[in-house]
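By convention in this document, chain letters (A, B, ...) are assigned in the order of the sequence lines, proteins followed by strands, and residues within each chain are numbered from 1.
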Amino acid sequence: MFDEAWPLPPAVTEMDPEALHASLNDEQRAAVMAVDGPVMVVAGAGTGKTKTLTHRAAELLRRGVHASNILVVTFTNDAAGEIRNRLLDMCGSEGEHIVAGTFHSTIFSQILKGYPESKTLKTLGINMEDGPDGDRCAILSQNDSSKYLRQAFSELSEDDQIQIEHNDWSQKRFEKELTIARAKGLDVLDYSATIRQGQDDALFKRILARAWGRYTDICREHNGIDFDDILVVAAKMLRQEPHIARELGERFQYIMLDEYQDTNRVQMNIMDAIAEGHGNIFMVGDEKQGIYGFRGADTHIFLTVRQRHPGVRLFELPRNYRSGAGIIRHSNALAKAMPQKLSDGQLLAESKAAAREPSVVDFADAEAEARVVVEGIRKRIAAGAQGAEIAVLYRNRSLKMQLEREMIRQNIPFMVVGDKSFYERAEVRDAIALLRFIFKNRAQEDGYRVLKCTRMGLSDERAKKQYMDRNIDVARLLDQMAEERLTQGKKVDGAYPLKDSATKIAPFVGLREALRECVHYGDDPAFVREVLGALWDRYLRPKLALAASRSKEPNADAVFEAQVANVATVFERFEQGLKNGQTVADIFDNFTLMEQDSNESERERMARVRLMTIHASKGLEFPTVFIIGLDSKAMPGTEQEALIDEERRILYVAMTRAQNELIMTYSNSRLEFGQRAQVGASPFLEEIESVTRVPRRYYPHHRDPGNNGGGNHGRGLTN
DNA sequence: GAGGGTCTTATTTTT
DNA sequence: TAAGACCCTC
């Protein structure tokens, strides 16, 4: 293919490797040039991991590998997007056909959708065929799946219910176990087989297995598959139908996996199965940054790579270009305390930026901590810093309460990153429910949701009852009601008043039909969106407007505006999907797979200070980082001995986000569930200080460091 | 069918 | 504290 529209950089395929990789350091280059067989790169924080990954892809292209034979897999859409962009920058149109995506999206599209005739899928009752009616199995949102799981539990036998009640087992606890089990690649049967008579938790597991079985059925009834199941089913396909794995291996000659330390068993099994034929698997990660154990990630997979891939070539990238020397010294001190590492895990500071010495500050209470941190932020912004250059990180959300209050009080713009995902917002879910109810067959749940938020004169409860009693689904029920006599009651002014069904339901049903036909016959997507907008205005908007007018919030208007804009975004995306020729089912899958993009101006975005959990900060970097709430209860955020190592890694991730400035704080007293709790400093701080010998600071007065942790703070600090 | 009151329960979370 | 689930009344 020729692309003559604009001048391209010299084609990667024609470049001299020296020139192509001139910007790499020796270790990076070595990893990049090792293209064949299993390769693992231990890439510490800020050592150019993504750069190495993209250069390696370019090197493959240079050696004549076709782009579509390269597969790059990451964890988040953000990371996948970043890699795609960097590939485009570097390789131009040559890189375009490299398949780069998240585990879930690539496995769904390449494996499940790629082999709809698979026997395994047939046996499981999963239809991946793209039919005209959009009846292909769709990805369930988190919301839907936990709803179905709740339903499954509610349908358990009375005995089971009593046991659950008696033992005080929460749904959450079951859900957690379910995630962990499926991260290992187990399905219900595999899981049941692991239950041993007489085991402590045998009853718990057996009850889970029963609910799990029912849950899977419910998902199928709704023609859906949840996130975890995408992986479990794909792994099963590859196991039971080895020809699929072989074919995929031929298609994807080179596989690259990002964030390998956060891989779980199923993900590992799937990728190993595809790579089995050629063994060209490239794994990048940092065992010191594995922080997703709670959802089944297993750092053990990273540490034992040599056993699974004998002859794997190991490379280490020790040069950190991100952080100042002091920050590296502090981070290294913490790394030293980590028991399980492939190497000593010490980074080399290469950053040339002027950086300050990190500090650890002790406060009497969380209010003082928040006030002083925000004052510090204000000073930095006054001195010319952009809000977006400053991040405040915390172990859990409850730690940010005081901080948010102070940010508002001191009038500093901020954004809470990953606060609520776009698709979790009520109005967005309403809009999507409306779309699905209109365009998808068998969208029962969506129908109920639409009824709930439209006041059409038919309640979701009544519709549910009709479904139970007479097996009439929402769509048919509405059709029937629209056809019923249109008038009711006594004459008013010489005419019979119109029934609700005439004024509300009939137009809705008419528009629904019209829209379905528009899409079916491929009419102008812009027109479709317009009609959708009209539908929303009439049926859904009034409820939001009402809520806004009643709200006591000072910014209710702004909230309403934002909600309206969000819904517009959903419809725009739908239109865009149609324009791109996607099927309705594809568009809906993307709704569940993709994250939002903000419609705020770049300038506004840059002015906002970033508040986020440490987990959300992974992979990011900021000139100035505050880590707050480093007290003994929040960090480690668990009392379980076995989980302490991961907690340490979490703090390590947080510290290594900082480029020039790192300020770590905690307070001796803070609110916990509305109660004031006395806490001490995180033990991790001592692990750091015992190496760095940088003295802790105390606010507002200077106390004797040896006197720390006595708990007698919070009074008499005016000094 | 809607909206208001009470009760309950508290990591981390992406897909 | 504070958000969500659930129930109950108008």
Side-chain angles (χ1 to χ4, degrees), chain A residues 73-80 101-109 139-147 150 168 170-173 175-176 179-180 182-183 225-231 259 262-264 266-267 290-297 366 393-402 404-405 417-421 423-424 426 451-465 500 543 546-547 550 589-595 612-619 629 633-640 643 646-647 649-651 653-654 670-677:
Chain A
V73 187
T74 64
F75 273 84
T76 64
N77 284 303
D78 277 355
T102 63
F103 271 105
H104 288 83
S105 71
T106 40
I107 289 170
F108 187 72
S109 64
I139 300 169
L140 295 170
S141 70
Q142 187 66 263
N143 273 305
D144 286 343
S145 32
S146 60
K147 205 167 57 195
R150 202 172 314 135
D168 207 17
S170 66
Q171 161 120 7
K172 257 229 163 114
R173 195 157 154 201
E175 247 172 87
K176 217 176 215 175
T179 297
I180 300 284
R182 296 199 292 181
I225 182 165
D226 71 25
F227 284 120
D228 291 341
D229 237 12
I230 291 175
L231 305 186
E259 305 276 14
D262 281 325
T263 308
N264 63 34
V266 225
Q267 292 163 338
I291 57 173
Y292 283 102
F294 65 91
R295 66 172 202 222
L393 311 182
Y394 36 83
R395 175 66 181 86
N396 68 58
R397 287 172 196 284
S398 72
L399 295 165
K400 80 170 196 294
M401 257 187 3
Q402 302 296 337
E404 263 181 310
R405 236 170 252 162
V417 177
D419 198 14
K420 203 173 202 182
S421 114
Y423 290 109
E424 277 168 14
L451 292 180
K452 235 185 213 155
C453 57
T454 47
R455 310 188 187 193
M456 228 180 305
L458 169 65
S459 75
D460 59 321
E461 291 301 328
R462 213 173 116 203
K464 273 180 202 163
K465 203 162 174 330
D500 272 0
K543 194 188 156 201
L546 187 71
R550 283 194 191 160
D589 284 337
N590 282 342
F591 278 149
T592 3
L593 281 172
M594 278 187 346
E595 266 299 296
M612 68 191 93
T613 64
I614 296 171
H615 282 82
S617 77
K618 192 163 153 213
K633 263 197 176 161
M635 182 67 83
T638 174
E639 278 160 13
Q640 292 179 60
L643 304 178
E646 178 153 310
E647 296 291 316
R649 295 194 293 265
I650 292 170
L651 179 55
V653 167
R670 67 175 163 87
L671 289 176
E672 197 184 33
F673 309 142
Q675 302 280 305
R676 191 149 287 278

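Between N77(A) and dT15(B) there is a side-chain N or O to OP1 or OP2 distance below 4.0 Å. Residue T613(A) has no polar side-chain atom (N or O) positioned under 4.0 Å from OP1 or OP2 of dT11(B). Residue R397(A) has a polar side-chain atom (N or O) positioned under 4.0 Å from OP1 or OP2 of dT13(B).
In this structure, CZ of R649(A) is placed 13 Å from C1' of dT12(B), rounded to the nearest angstrom. Across the protein-nucleic acid pair, E175(A) atom CD and dT15(B) atom P stand 18 Å apart, rounded to whole Å. For I180(A) and dT15(B), the CD1 to P distance is 18 Å, given to the nearest whole Å. Rounded to whole Å, atom P of dT15(B) lies 17 Å from atom CD1 of I225(A). Between L643(A) atom CG and dT12(B) atom P there is a gap of 15 Å when expressed in whole angstrom units. When the C1' atom of dA2(C) is taken as reference, atom CD of E404(A) falls 12 Å away, rounded to whole Å. Between K172(A) atom NZ and dG4(C) atom P there is a gap of 12 Å when expressed in whole angstrom units. Atom CD1 of I291(A) and atom C1' of dT11(B) are 13 Å apart (whole Å).
When distances run from any side-chain atom of K176(A) to the nucleotides dA10(B), dT15(B), dT11(B), the shortest one goes to dT11(B). Of the listed nucleotides (dA2(C), dT11(B), dT15(B)), dA2(C) has the atom at the smallest distance from the side chain of M401(A). Considering only the side chain of F673(A), dA10(B) comes nearest among dT11(B), dA10(B), dT15(B).
Scanning atom types as modelled, one donor and one acceptor separated by under 3.5 angstrom connect the side chain of R395(A) and the base of dT11(B).
Take R676(A) and apply the side-chain contact (heavy atoms from CB on, under 4.5 Å) test, not counting sequence neighbours, and it matches D365(A), E367(A), S669(A), L671(A), Q678(A). Residues passing the side-chain contact (heavy atoms from CB on, under 4.5 Å) test with S170(A), sequence neighbours excluded: K172(A), R173(A).
In terms of modelled atom types and a separation under 3.5 Å, the side chain of R395(A) and the main chain of M635(A) share no donor-acceptor contact. For the pair Q267(A) (side chain) and F103(A) (backbone), a donor-acceptor distance under 3.5 Å is absent. Here the side chain of D262(A) pairs a donor or acceptor atom with the backbone of I291(A) at under 3.5 angstrom.
Going from the P atom of dG4(C) to that of dT13(B) covers 15 Å, rounded to whole Å.
Using a 4.0 Å heavy-atom cutoff across all strands shown, F75(A) reaches sugar-phosphate atoms only and no base atom. Contacts of R405(A) with the nucleic acid, taken as non-hydrogen atoms under 4.0 Å apart, involve only primed sugar atoms and P, OP1 or OP2. At the heavy-atom level, K618(A) lies nowhere under 4.0 Å from the strands shown.
Here F294(A) does not lie in a stacked arrangement on the base of dT13(B), lacking the combination of planes under 30° and ring centres under 5.5 Å apart.
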